[in-house]
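Here the structure is laid out as structure tokens; the discussion comes afterwards.
Count residues from 1 along the sequence.
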Amino acid sequence: MTDVITDNDKKYEAQELAEAPGAEQPMEDRTNNRTLRPNMSKAFQSFMKTGWDNQEPDIEPLESSKFTPARLKALGRRFPGERIVIPAGNYKNRNNDDDYAFRPNTEFSYYTGLGHDYEAGAVLVLNPLDPDSDEAKAGKTHAPELFVTPRADNSTVDYYANAQYGEYWVGPRAGVKELAAMTGIPTHDIAQLPDALGKDVGAEAGAVRMRVVRQADPQMTAEVESVREANGFPDPDANEKADDELQEFASTARMIKDSYEIGEVRKAVAATKDGFDRILSRIPQAVGKPRSERMLEGAFTSVSREEGNSVGYSTIVASGEHAPILHWMRNTGVVGHGELVLIDAGIEVESLYTADITRTFPVDGKFTPLQKKIYQAVLDSQQAGFEAAKPGATYSDIHHACMRVIAERLHEWGILKVDVEESLSPDGQQHRRWIACGVAHHLGLDVHDCAQARYESYQGAKITPGMIFTIEPGLYFAKNDLLIPPEMRGIGVRIEDDVLMTENGPEWISKAIPKQIDDVEAWMAQRAAVNE
């Protein structure tokens, strides 16, 4: 077996000296004192290079690789002659030497097709083609390249010495050859990236404008800025504006989902249904227990790890007076008899597409008459939004349809004291006291997908086939709200479903997750019986 000498060899030799008796250890090396090389002797290094069998990761082309070429082509056409840099991002520190689980930047995942935990530190570069090349004359604008950390297999010192990439620590992982096969994108050692960023193109040597997804990796953004300055683009404000245009385009491009994306969201919704099944099976044992909201959260999280990558966002389990709190994510409360429990949860599958579902359950399995009244109002509001969602409508149309039902019910109940039309007018909006948030948003790789698009491309744009979005009205009667009857205080209801716009109108992707009152009660009874 051939030994591969990396730049880390010198680093480890220097560390040996630093760790010698009496030596002063640099502070940046101290966080890993628990695990990293108390004594990297020559004998140890020599011994660690022998006696290993090869381990090859299982690699095959990703299904997403059939769809990324079209995405890359559209991106290149938007920015002809410019170099596009899309980092995956890097590990984020949780505390000391412990990092959060890695999740690649959304734009990187979209344009490479890589989900799961591929690939920390990687960078996608779209290089503009020489205008005089045959490819450019044929209409192609860019050549994509992927730059990644090579495998640290047992032929390298990093195998046992690098806790982040070494396969002794993390197991067989995809490297240059493997990621090229998975993505269909030419792939190179990350060490070649600096040369690639400064590479000239055709007759316009040294004058290639670059754009970067700047929030993905601050270190990479700084490197791009350095190259920009060297190439005659030193204006940081102009560069930031150019980067914003890149992110805006990438965000807007994700609004229309291709067939692969639609399939992945369907998988996420199906897994989320299984997560809710497990929650309902757990409710009877959770009632009255300390932190029983977290018991239900844990039940859902277990399914997210079994069937997907993780949860798509922080799960909300809000029982009783916590339910009117829109973003209750502490989940420290007790699930109590006679209460409603609002659960907002979604599973992210390994492609990183997520579902986003909210259901509100009667803890004891049956809605009280008051709970039914409030729940049915929200359900009717959601249905009105669905009926307003049709090709050519806007998100604002969905919002207004939902809000009209809410305002009418609040007025009927004597809570909304002003006329319905006054409240619905731009100068009114009094009903928003009990539902301050919007009721529809794009869904995909991010739970609130496409958020960097312009307002006129989002709320004011026509809904077209291929868009996936949620409809999620609610009523939130806070415990301390003195403008509502005492019996309503501390009740919160939200119903949220995922919708695909088709040529023939909207489709409830999540229709298999019960939400009608009788169906919810039957579902709860069925899961309780399974638990017994």
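For the residue pair D153 / S155, a side-chain donor-acceptor distance below 3.5 Å is found, with atom types taken as modelled. A side-chain N or O of D497 and one of S510 form a donor-acceptor pair less than 3.5 Å apart. In the model, R83 has a side-chain atom that pairs as donor or acceptor with a side-chain atom of N127 under 3.5 Å.
Each of M210, R211, Q219 was evaluated against V224; a single residue qualifies, M210, per the side-chain contact (heavy atoms from CB on, under 4.5 Å) test. With respect to Y458, the ring-ring contact (aromatic ring centres under 6.0 Å, His included) criterion is satisfied by exactly one of H442, H399, H448: H442. Between Y160 and the options F44, Y168, Y165, a ring-ring contact (aromatic ring centres under 6.0 Å, His included) holds for only F44.
In terms of heavy-atom proximity, A253 sits nearest to Y110 at O-OH, 3.6 Å. A393 approaches A388 most closely through the heavy-atom pair CB-O, 3.3 Å. Here the closest non-hydrogen pair linking R254 and L445 is CD-CD1, 4.2 Å. Closest approach of A216 and P87 over heavy atoms only: CB-O, 3.6 Å.
In this structure, E456 places its CD atom where more than 12 heavy-atom neighbours from other residues, nucleotides or ligands lie under 6.0 Å away. Within 6.0 Å of atom CG in D98, more than 12 heavy atoms from other residues, nucleotides or ligands are found, so the atom counts as buried in its surroundings. Counted within 6.0 Å of OH on Y260, heavy atoms from surrounding residues, nucleotides or ligands total more than 12; the atom is thus considered enclosed.
Of the possible donor and acceptor atoms, one in the side chain of T50 sits under 3.5 Å from a partner among the backbone N and O of F47. Distance alone, capped at 3.5 Å, places no donor-acceptor pair between the H142 side chain and the I84 backbone. In this structure a side-chain-to-backbone donor-acceptor pair under 3.5 Å is present from S304 to T301. Under a 3.5 Å cut-off, the side chain of R209 and the backbone N or O of N239 do not form any donor-acceptor pair. For the pair K267 (side chain) and G308 (backbone), a donor-acceptor distance under 3.5 Å is absent. Proximity of a side-chain donor or acceptor of D134 to a complementary backbone N or O of K137 within less than 3.5 Å is not detected. Within the 3.5 Å criterion, the main-chain N or O of N105 finds no donor-acceptor partner in the side chain of S109. Counting only distance, with no hydrogens or angles, the side chain of S65 and the backbone of P61 share no donor-acceptor pair below 3.5 Å. The backbone N or O of I347 sits less than 3.5 Å from a side-chain atom of T272, completing a donor-acceptor pair. Under the 3.5 Å distance criterion, the side-chain polar atoms of W508 are left unmatched by any main-chain donor or acceptor of D498.
Looking at residues two or more places apart in sequence or on another chain, you find a side-chain contact (heavy atoms from CB on, under 4.5 Å) between Y100 and K92, R94. With sequence neighbours left out, the ring pair (Phe, Tyr, Trp, His ring centres under 6.0 Å) criterion links F469 to Y395. Applying the ring pair (Phe, Tyr, Trp, His ring centres under 6.0 Å) criterion to F108, with sequence neighbours excluded, gives no partner residue. Shown here are the ring pair (Phe, Tyr, Trp, His ring centres under 6.0 Å) partners of Y91, two or more places apart in sequence or in another chain: F102. Residues passing the side-chain contact (heavy atoms from CB on, under 4.5 Å) test with D244 are E240, sequence neighbours excluded.
Within the 4.5 Å cutoff, the side chain of T149 has no heavy atoms near those of the Q164 side chain. In this structure, the side chains of L129 and E135 come closer than 4.5 Å at one or more pairs of heavy atoms. Within the 4.5 Å cutoff, the side chain of K515 has heavy atoms near those of the R359 side chain. Between D449 and V447, the closest side-chain pair of non-hydrogen atoms is not below 4.5 Å. Looking at I513 and I357, their side chains come closer than 4.5 Å, going by heavy atoms from C-beta outward.
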Passes side chain to side chain contact (heavy atoms under 4.5 Å, CB included), T502 versus M467? Steps please. CA-CA 8 Å; T502 75; M467 288 185 174; over 6 Å; no

What verdict does the side-chain hydrogen bond (donor to acceptor under 3.5 Å, both in side chains) test give for E472 and Q382, after you've listed the backbone C-alpha separation in whole Å, the side-chain angles of each residue and the deciding distance to 0.1 Å? CA-CA 7 Å; E472 52 170 325; Q382 189 196 42; over 6 Å; no

Show your reasoning for whether side chain to side chain contact (heavy atoms under 4.5 Å, CB included) applies to M501 and I468. CA-CA 6 Å; M501 184 56 69; I468 295 179; over 6 Å; no

Passes side chain to side chain contact (heavy atoms under 4.5 Å, CB included), F249 versus L75? Steps please. CA-CA 8 Å; F249 176 84; L75 178 61; 3.7 Å; yes

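Applying the side chain to side chain donor-acceptor pair (under 3.5 Å) test to every pair with at least one member in residues 71-80, sequence neighbours left out, gives these pairs: R71-D258. Within the structure, salt bridge (Lys or Arg N to Asp or Glu O under 4.0 Å) contacts touching residues 220-233 (residues at least two apart or in different chains) are R214-E225, E225-R228, R228-D243. For the side chain to side chain donor-acceptor pair (under 3.5 Å) condition, the pairs that include at least one residue of residues 345-356, sequence neighbours left out, are R103-E348, E261-Y353, E264-S351, N309-E348, Y313-D356, D356-H441. For the salt bridge (Lys or Arg N to Asp or Glu O under 4.0 Å) condition, the pairs that include at least one residue of residues 501-513, sequence neighbours left out, are R266-E507. Within the structure, the salt bridge (Lys or Arg N to Asp or Glu O under 4.0 Å) test picks out the following pairs touching residues 159-168 (sequence neighbours left out): R151-E167. Legend: side chain to side chain donor-acceptor pair (under 3.5 Å) pairs involving residues 172-189, not counting sequence neighbours, sorted by first then second residue: E119-R173, E145-H188. Every pair passing salt bridge (Lys or Arg N to Asp or Glu O under 4.0 Å) that includes a residue from residues 301-311 is listed here, sequence neighbours excluded: R278-E306.
For the pair K462 and D397, the salt-bridge criterion is not met [side-chain N within less than 4.0 Å of a carboxylate O]. A salt bridge links D277 and K273; the closest N-O separation between the charged side-chain nitrogens and carboxylate oxygens is under 4.0 Å.
The ring of W52 has its center closer than 6.0 angstrom to the ring center of Y159.
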